[in-house]
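Counting starts at 1 for both ligands and their atoms, in listed order.
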Amino acid sequence: MWLTQSAIETILVSLISEKDTLTQLDVAIGDGDHGANIERGCRAVQSIVTDLVDLDLSDATHKIGYTLLMSMGGASGALFGTFFLTLGRKLSQTPDFSEFCTAFENAIQAVQDRGKSEQGQKTLLDVLIPTSQLLLEQAPPKKWRDISDFAMECANNTKCLEAKVGRASFLGKRSVGHIDPGAYSCALIIHQICDLLEVRYE
Ligand code: ADP
Ligand code: MG
């Protein structure tokens, strides 16, 4: 068992509770469905939680990716799905921290390949890429809270960027001044996982 059922459920419930915020962010620069997409993905994962706790980290992460890919919808469904699928595929059954970092980088690269996108284009990559770099620098972090705060700061910083890919890019310069919804949901996921790790390893 890699995470308890209640730990996974805590993450999912907390993400679902942010649905309205995510909807509002996507109404501002997209089509308003990001909150609903995240909720759909979380509910699908909720329905397999009892299966997940019997799997090792690699298989559980892979299964989460597959479930998101099949359920979430939207550009984010394909991208989150690809991320977790690749992460699961690259992890061994009991990875150490350095192996986790390499798998994390591979998963980010798979998202970039799928989205044909890079850092600086106002997407979830603007949280994932800098956060993975910080993880590598700290290897392993002394305080998971610092990683979590940094990811949130990265999401907030997407306000300054102009969207170059995805629906928000249709707005051009008018996308500046708004937080990217996918960047924010990524930061929320990182925040939740770091909270759990902080408690576990304090
Ligand atoms: P959709 O854009 O299909 O409505 P969502 O609203 O669920 O899907 O997700 C939008 C988020 O997906 C964006 O905020 C952005 O972070 C991310 N995104 C969209 N297109 C790309 C891309 N090509 N590369 C990386 N991330 C992207
Ligand atoms: Mg949308």
Are any of the N or O atoms of [X] closer than 3.5 Å to those of ligand 1?
X: G115; result: yes
X: L124; result: yes
X: D33; result: yes
X: V111; result: no
X: K116; result: no
X: L79; result: no

task: Check if G30 has a non-hydrogen atom at a distance under 4.0 Å from any atom of ligand 1.
output: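 Checking ligand 1 against G30, which is what was asked, there is no heavy-atom contact under 4.0 Å.
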message: Please determine whether side chain to side chain contact (heavy atoms under 4.5 Å, CB included) holds for the pair L125 and S117, giving the CA-CA distance in whole Å, both sets of side-chain angles, and the decisive distance to 0.1 Å.
response: CA-CA 8 Å; L125 291 170; S117 44; 3.4 Å; yes
Out of all atoms in ligand 1, which are within 4.0 Å of some heavy atom of [X]? Include the element for each.
X: D26; value: 6 (O)
X: S117; value: 22 (C), 23 (N), 24 (N), 25 (C)
X: V165; value: 22 (C), 23 (N)
X: D31; value: 4 (O)

message: If you take the centroid of each ring, where Trp contributes its six-membered ring, are F83 and F104 closer together than 6.0 Å?
response: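 Here the rings of F83 and F104 have centres that are less than 6.0 Å from each other.
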query: Excluding sequence neighbours, so at least two apart, what forms side chain to side chain donor-acceptor pair (under 3.5 Å) with S71?
result: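 Here no residue qualifies.
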Worked verdict on S175 versus F170 for side chain to side chain contact (heavy atoms under 4.5 Å, CB included): CA-CA 8 Å; S175 65; F170 304 155; over 6 Å; no
